[in-house]
Peer 1: 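This is the structure, below, for whatever I ask next.
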Amino acid sequence: MSGTSPLFQPTTLGSLSLPNRLVMAPMTRNRAAADGTPTDLMAEYYAQRSAAGLIIAEATTPNAVGQTYPNIPALHLPRHVAGWRRVTEAVAEAGGRMFVQLQHGGRIGHPANSGLRPVAPSPVTFPEPVATPDGNRPAVVPRTMSLDEIESTVADFAAAARRAVDAGFAGVEVHGANGYLIHQFLADGTNHRTDAYGGSTARRMRFAVEVVRAVAAAVGPERVGLRLSPGFPGQGMSESDTDVLYPALVEELSGLGLAYLHLVWAKPDQPLYRRLRAAWPGALIANPAQPWPGPLPADGGRREAERLLDAGADLVSLGRAFLANPDLPERLAAGAPLNPVRIEHWYGGDHTGYTDYPTLRQPALA
């Protein structure tokens, strides 16, 4: 059960030297201040998990209207940069490496959170309640983005990427997955536009391509990753052309020299996964399909992670296992039992269920 597994072997990602191939996936935890400023508690949380080969910090909004839920971190004001710098310094001091995920919520948001009406490619309402400071509330009809707003949003992503580098991150991950704004443009279930950003596969890809190109131009392609979730059905998403859309998008971006492509809910035997792996010339991070909302397997996803490495992934991202096990690489390498996830403390709150999970070296709860 030891470190002979490729999961625990050192590797590189661009100029970064990684001690293992385990990536901490970005996970929303709702512990930022109300204005989006990262907190000292967040610095402690991420520093605890610095044994990961790479940490991808949670979804962070590049502008005010892109805010999804309460207490989501942001990167559009100087105080956001200062807050994140405290986080990256704590992680670096603990020996870790970090990217941050940039996410615009699009239709997934609420005026009670941002003070603004959400915007989206088309006025297609999010079909689920939205968490607000006053509890779950029905989603509102989003306002259709104008061409000028699309252009300014692309610029906001690029500006947030520059702020991320200023804050000490090694790079940024553009969130094109899981039903948020970029995915809303990609999917024909949420994109009903008839202009240059809607209709055909090529036109629905345009916003994603423009964002990635702008971010790469702002901070260098070697600092940029892209997360995709082909065929993701959650959050009211639907795609009629998944097997055409994603190979075309990957091909369009394959020559940019990006740091990595991050595929969510990856299945090593799935034809589309294998097709995308073959088409992508750079590093691939695969996030294994795990039971949801059911409990994780006892190994936290190690078996599926190793299957993905065998199928051509370069790195593997795990979420819930890292959430509950700050020392996850050590536990997996030793075959030690994992802490169960306390889901009731996942979203928001204090240190409980956040920074008080025991480690093998400190078995008593904080």
Side-chain angles (χ1 to χ4, degrees), residues 1-11 13 16-29 31 41-58 90-98 262 264-268 285-311 313-347 349-366:
M1 296 294 294
S2 70
T4 57
S5 166
L7 272 179
F8 311 110
Q9 294 175 1
T11 188
L13 183 68
L16 291 178
S17 296
L18 311 184
N20 56 66
R21 297 171 188 265
L22 282 163
V23 175
M24 178 178 167
M27 292 176 285
T28 293
R29 302 305 309 274
R31 259 72 171 195
L41 187 63
M42 291 172 61
E44 179 183 357
Y45 167 76
Y46 283 112
Q48 287 177 344
R49 289 153 178 80
S50 294
L54 177 70
I55 295 172
I56 305 175
E58 64 206 90
V91 170
E93 185 175 349
R97 301 135 297 275
M98 292 187 83
H262 188 180
V264 183
W265 295 96
K267 298 179 181 180
I285 302 176
N287 176 249
Q290 301 276 27
W292 179 264
L296 285 171
D299 70 354
R302 173 174 171 166
R303 178 178 178 275
E304 288 304 306
E306 290 172 336
R307 290 184 66 218
L308 284 164
L309 291 179
D310 288 343
D314 298 286
L315 302 160
V316 178
S317 69
L318 297 177
R320 286 172 286 166
F322 264 113
L323 182 156
N325 299 276
D327 56 347
L328 183 65
E330 181 180 1
R331 285 180 182 267
L332 292 183
L338 302 185
N339 298 318
V341 178
R342 288 176 273 156
I343 189 69
E344 67 273 18
H345 302 298
W346 198 337
Y347 298 117
D350 56 16
H351 71 283
T352 306
Y354 188 60
T355 57
D356 63 348
Y357 281 102
T359 66
L360 292 176
R361 299 177 189 273
Q362 292 182 313
L365 287 177

Peer 1: Could you walk me through whether Glu330 and Arg361 satisfy the side-chain contact (heavy atoms from CB on, under 4.5 Å) test, starting with their C-alpha distance in whole Å, then the side-chain angles of each, then the deciding distance to 0.1 Å, before giving a yes or no?
Peer 2: CA-CA 10 Å; Glu330 181 180 1; Arg361 299 177 189 273; 3.2 Å; yes
Peer 1: Quick one: ring pair (Phe, Tyr, Trp, His ring centres under 6.0 Å) partners of Trp346, sequence neighbours excluded?
Peer 2: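 Once residues adjacent in sequence are excluded, the partners of Trp346 under the ring pair (Phe, Tyr, Trp, His ring centres under 6.0 Å) criterion are Trp292.
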Peer 1: Taking the side chain as everything from C-beta on, heavy atoms only, tell me whether Thr11 gets closer than 4.5 Å to Asn20.
Peer 2: no
Peer 1: Could you give the distance from CG (Leu7) to CZ (Arg302), rounded to the nearest 0.5 Å?
Peer 2: 6.5 Å
Peer 1: Looking only at the side chains, is there a donor atom on one of Tyr347 and Arg29 sitting less than 3.5 Å from an acceptor on the other?
Peer 2: no
Peer 1: Quick one: pull up CG in Asn325 and CZ in Arg320 and give me the separation to the nearest 0.5 Å.
Peer 2: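 Between atom CG of Asn325 and atom CZ of Arg320 there are 12.5 Å.
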Peer 1: So which atom in Ser317 and which in Pro288 form the shortest heavy-atom distance, rounded to 0.1 Å?
Peer 2: O-CD, 3.2 Å
Peer 1: Kindly say whether Pro19 contributes a backbone atom to a donor-acceptor pair with the side chain of Arg21 at under 3.5 angstrom?
Peer 2: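 Absent.
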Peer 1: State, yes or no, whether a side-chain contact exists between Val23 and Val316 at a heavy-atom distance under 4.5 Å.
Peer 2: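 In short, these two side chains do not touch, never coming nearer than 4.5 Å.
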Peer 1: Heavy-atom distance under 4.5 Å between the side chains of Leu315 and Leu309, does that happen here?
Peer 2: no
Peer 1: Taking atom types as modelled and ignoring hydrogens, do the side chains of Gln48 and Thr355 form a donor-acceptor contact shorter than 3.5 angstrom?
Peer 2: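 Not at all, the side chains of Gln48 and Thr355 share no donor-acceptor pair under 3.5 Å.
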Peer 1: For Tyr46, enumerate each residue passing the ring pair (Phe, Tyr, Trp, His ring centres under 6.0 Å) test, keeping only those at least two apart in sequence or located in another chain.
Peer 2: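 Ring pair (Phe, Tyr, Trp, His ring centres under 6.0 Å) list for Tyr46, sorted by chain: empty.
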Peer 1: To the closest 0.5 Å, what do you measure between CE (Met98) and OG (Ser50)?
Peer 2: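 Result: 8.0 Å between the selected atoms.
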Peer 1: Any side-chain heavy atom of Ile56 within less than 4.5 Å of one from His262?
Peer 2: yes
Peer 1: CG of Leu296 to CG of Leu338: how many Å apart, nearest 0.5 Å?
Peer 2: 8.5 Å
Peer 1: Closer than 4.0 angstrom, basic N to acidic O: yes or no for Arg31 and Glu58?
Peer 2: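 Judged by the 4.0 Å cut-off on N to carboxylate O distance, Arg31 and Glu58 do not form a salt bridge.
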Peer 1: So, do Pro358 and Asn339 sit near enough that their side-chain heavy atoms are less than 4.5 Å apart?
Peer 2: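 With C-beta onward as the side chain, the pair touches.
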Peer 1: Is there a donor-acceptor pair under 3.5 Å between the side chain of Arg97 and the backbone N or O of Gly53?
Peer 2: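 Side chain of Arg97 to backbone of Gly53, a donor-acceptor pair under 3.5 Å: yes, one is there.
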Peer 1: Any Lys/Arg nitrogen of Asp327 or Arg331 sitting under 4.0 Å from an Asp/Glu carboxylate oxygen of the other?
Peer 2: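 Yes, Asp327 and Arg331 are salt-bridged.
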Peer 1: So which atom in Ala313 and which in Ala286 form the shortest heavy-atom distance, rounded to 0.1 Å?
Peer 2: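 Shortest heavy-atom separation between Ala313 and Ala286 comes out as CB-CB, 3.8 Å.
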Peer 1: Do Glu304 and Pro297 have side chains that approach each other closer than 4.5 Å (heavy atoms only, starting at C-beta)?
Peer 2: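 They are not in contact (no side-chain heavy atoms under 4.5 Å apart), so the answer is no.
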Peer 1: Could you tell me whether the side chain of His351 reaches within less than 4.5 Å of the side chain of Glu44, counting heavy atoms only?
Peer 2: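 Contact flag for Glu44/His351 side chains = no.
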Peer 1: Are Leu13 and Leu54 packed together at the side-chain level, in the sense that at least one heavy-atom pair is separated by less than 4.5 angstrom?
Peer 2: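 Yes, close enough: below the 4.5 Å cut-off.
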Peer 1: Taking Ile55's backbone N and O only, do any of them form a donor-acceptor pair with Arg49's side chain (distance below 3.5 Å, no angle check)?
Peer 2: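 Looks like no, no N/O pair under 3.5 Å.
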Peer 1: Check Ala47 against Ala94 and note the closest heavy-atom contact, atom names and distance.
Peer 2: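 Scanning both residues, the minimum pair turns out to be O-CB, 3.8 Å.
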Peer 1: Please check this pair: side chain of Ser5 against backbone of Phe8, looking for a donor-acceptor N/O pair closer than 3.5 Å.
Peer 2: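 No; zero donor-acceptor contacts below 3.5 Å.
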Peer 1: Using side-chain contact (heavy atoms from CB on, under 4.5 Å), reason through Phe322 and Leu22 one step at a time and then give a plain yes or no.
Peer 2: CA-CA 10 Å; Phe322 264 113; Leu22 282 163; 4.3 Å; yes
Peer 1: Between Asp356 and Arg342 (salt bridge meaning N to carboxylate O under 4.0 Å), is one present in this structure?
Peer 2: yes
Peer 1: Within this structure, what is the CG-CG distance for the pair Leu318 and Leu323, rounded to the nearest 0.5 Å?
Peer 2: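 The CG atom of Leu323 is 12.0 Å from CG of Leu318, to the nearest 0.5 Å.
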